[in-house]
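The next block holds one structure in the form of structure tokens; read it before the comments.
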Amino acid sequence: MPNPKPALIATTELDNEATKDVKVEQGRKVTYVFNITTYDNLKIPYAVSINGKVQDEFKSKTKRMPINGTIIVSNVKPGASVSLFLNSDAHPLYRKEPVYTVTPLVHDVVVKILEKKGKHRDEAVPLQSKNNGGNSISAQEEQTYTSVLTGDIWLKVSHKYTSDEVNSLLPPETTPEIKAAVLRIYNGLTQPKLTIALSAKLGKEEKTISVKFEDGENPHENIASGYDLLKEGLTRVHPAGYAAIFSAAVEAGVFSITMSSAWRPMLGSIAHRAGLGLDVTYLGATKLNRQSLSIPTARQNDNVSNTEKELFSAVKLAKAQQLSAAKNLTGAKLELKAASGDSQQLPIARAKLKKTEELHASAELARREAELAWNTERDKNEPEEVRKFRAALIRSQSIAQIFDPWFIDFNVKDKVSASPNMQGDKNEQTHAHHLHITVRDANII
């Protein structure tokens, strides 16, 4: 066995008469490398604990894992235990489940964590791997450990809310009827539905809102220890999300809601995994689906007219032509610059630039006109209850994002208008068939 890496030695003057050697321990580095296989660039919330004590920089907040999946803990005293709190369990008020604990001694440590789909019973415990074909490693090398991130571990690091927490997590304007309905979720539903009784003062007459919760395949496919939607899924969602949806339904005059996705471990962005995402598929009889706008084989419904499809095709063509014209304009400007010292080429370049500017202006105008025509037709066919429901959600202080088949809004509280869902990128395509909200909780994400 090689000798351990020597401690640093500092020399201290004592009364200018003698010197004494003082050993200074060299801090170790622990590097966690996550390989997330179910979503690109997943930014998991985390906090770091050393010897059971959360580090000062995490005491009142979490951090988000960088997109390269690497968390580095520096200057760890040899023999100290390093652990992570992850996902919603990293919230300063929770932190009940430390995971991936390692204790660096002589070497720096690297922990490689692979997200693994399917049903597995692995623990969040790093296992030491062999280096150099099983030979001893030198004091200068890193010690490598491996571990996994399974559906059961996602479940473990996802905070399960209780009825005792509900009151403190709901906005003060939440009505007693809505608060009582939310409490029933955390007290334990016996079936995947909920009826909210509304008093007459909230409307012209006493009414009820029927809520249906649909189960998802993802938790059942990836949790080996057993998963129940009512006990483990709905209760891992932030209570303010339910309150916002139920309150918006009241404001919009919607008296039945179908919700398709609550907490889930291994699908999509961090919102659902951290219990901050909820999806709605039906508002009353209105199915929130506009896939037929871009998918010819999708089932037609009243949300997308044939006229809108034609106008949408015109928008895409106009956008492509405008981008081409913009590219040509950039090229013409470069040609003019290159011809600045050439008396023969300069007039030609100026004429070309002028013509290119005219073509670009025409293409830009055509794009704006095409977008206006499409926007008008789309808005004409948007159900009124959908528009009112979205507007109510935007007014809620609990909501950070809304993605739906009509509009995409990454921050409902900024001054940037929501953009139309053109079903172009992955996020737009994903939300072409339901409405998604992200709950605002700065202590998680």
Side-chain angles (χ1 to χ4, degrees), residues 36 38-39 41-47 58 60-65 67 85-97 149 151 153-162 165-171 174 178 182 185-186 211 213-214 216 218-219 229 232-248 257 259-281 390 392-404 408-414 418 427 430-431 434-445:
I36 302 299
T38 58
Y39 193 83
N41 303 327
L42 190 70
K43 297 181 179 180
I44 304 175
Y46 75 94
F58 299 97
S60 61
K61 63 180 181 180
T62 63
K63 287 188 177 182
R64 300 286 297 279
M65 187 173 72
I67 60 175
F85 292 105
L86 295 177
N87 203 30
S88 55
D89 187 57
H91 188 295
L93 295 180
Y94 310 143
R95 297 177 178 171
K96 300 175 182 178
E97 301 290 347
L149 176 56
I153 296 173
W154 274 114
L155 186 75
K156 180 179 181 179
V157 298
S158 300
H159 180 67
K160 185 176 180 179
Y161 296 91
T162 68
E165 296 175 275
V166 169
N167 285 336
S168 64
L169 294 172
L170 297 184
T174 306
I178 299 301
V182 175
I185 295 173
Y186 300 95
V211 183
F213 301 101
E214 293 183 340
N218 187 262
L229 171 67
E232 305 295 344
L234 300 184
T235 54
R236 278 180 163 76
V237 176
H238 197 296
Y242 295 117
I245 286 178
F246 300 163
S247 299
I257 306 169
M259 303 176 68
S260 63
S261 187
W263 176 86
R264 62 192 186 213
M266 303 181 84
L267 178 65
S269 71
I270 196 62
H272 283 280
R273 305 178 198 225
L276 299 180
L278 282 171
D279 293 344
V280 177
T281 53
R390 184 191 303 112
L393 288 174
I394 291 173
R395 288 192 293 271
S396 171
Q397 293 302 309
S398 301
I399 302 302
Q401 298 176 322
I402 303 174
F403 305 144
D404 67 51
I408 300 293
D409 197 338
F410 284 95
N411 185 347
V412 300
K413 295 299 183 286
D414 64 15
N427 187 58
T430 297
H431 297 99
H434 66 271
L435 179 148
H436 164 91
I437 64 165
T438 302
V439 180
R440 184 182 300 277
D441 189 333
N443 286 313
I444 300 177
I445 61 174

Taking [X] for its side chain and [Y] for its backbone only, find out whether a donor-acceptor pair lies under 3.5 Å.
{"X": "Asn218", "Y": "Arg264", "answer": "no"}
{"X": "His436", "Y": "Ile402", "answer": "no"}
{"X": "Asp89", "Y": "Tyr94", "answer": "no"}
{"X": "Thr174", "Y": "Pro171", "answer": "yes"}
{"X": "Arg236", "Y": "Ser158", "answer": "yes"}

Leu93/Glu165 under side chain to side chain contact (heavy atoms under 4.5 Å, CB included): CA gap, chis, key distance, verdict: CA-CA 11 Å; Leu93 295 180; Glu165 296 175 275; over 6 Å; no
Rounded at 0.5 Å granularity, tell me how far [atom1] in [X] sits from [atom2] in [Y].
{"X": "Leu276", "Y": "Asp441", "atom1": "CG", "atom2": "CG", "answer": "6.0 Å"}
{"X": "Thr430", "Y": "Leu267", "atom1": "OG1", "atom2": "CG", "answer": "8.5 Å"}
{"X": "Ser269", "Y": "Asn41", "atom1": "OG", "atom2": "CG", "answer": "12.0 Å"}
{"X": "His434", "Y": "Phe403", "atom1": "NE2", "atom2": "CZ", "answer": "9.5 Å"}
{"X": "Leu86", "Y": "Met65", "atom1": "CG", "atom2": "CE", "answer": "8.0 Å"}
{"X": "Asn411", "Y": "Gln401", "atom1": "CG", "atom2": "CD", "answer": "7.5 Å"}

Side-chain heavy-atom pair [X], [Y] within 4.5 angstrom cut-off:
{"X": "Ile270", "Y": "Asn87", "value": "yes"}
{"X": "Ile185", "Y": "Phe213", "value": "yes"}
{"X": "Ser398", "Y": "Arg440", "value": "no"}
{"X": "Lys160", "Y": "Thr162", "value": "no"}
{"X": "Ile257", "Y": "Val280", "value": "yes"}
{"X": "Trp263", "Y": "Leu155", "value": "yes"}
{"X": "Glu232", "Y": "Pro219", "value": "no"}
{"X": "Met259", "Y": "Leu278", "value": "yes"}

Geometric class of the His238/Tyr161 ring pair [parallel <30°, tilted 30-60°, perpendicular >60°]: tilted
Geometric class of the Tyr242/Tyr186 ring pair [parallel <30°, tilted 30-60°, perpendicular >60°]: perpendicular
Qualifying salt bridge (Lys or Arg N to Asp or Glu O under 4.0 Å) pairs with a residue from residues 267-278, counting only residues at least two apart or across chains: Glu115-Arg273
Do you know the tightest heavy-atom contact between [X] and [Y]?
{"X": "His159", "Y": "Ser88", "result": "N-OG, 2.7 Å"}
{"X": "Val166", "Y": "Pro239", "result": "CG2-CG, 4.2 Å"}
{"X": "Ala244", "Y": "Leu393", "result": "O-CD2, 3.6 Å"}
{"X": "Gly241", "Y": "Val439", "result": "CA-CG2, 3.5 Å"}
{"X": "Ile399", "Y": "Val412", "result": "O-CG2, 3.2 Å"}
{"X": "Ala262", "Y": "Val237", "result": "CB-CG2, 3.6 Å"}

Stepwise side chain to side chain contact (heavy atoms under 4.5 Å, CB included) test for Ile36 and Lys43: CA-CA 10 Å; Ile36 302 299; Lys43 297 181 179 180; over 6 Å; no
Contacts of Lys63 that satisfy salt bridge (charged side-chain N to carboxylate O under 4.0 Å, His left out) - sequence neighbours left out: Glu57
Heavy-atom neighbours of Ile67 CD1 exceed 12 at 6.0 Å: no
Lys413 atom NZ, neighbour heavy-atom count above 12 within 6.0 Å: yes
Side chain to side chain contact (heavy atoms under 4.5 Å, CB included) evaluation trace for Ile44 with Trp154: CA-CA 11 Å; Ile44 304 175; Trp154 274 114; 3.8 Å; yes
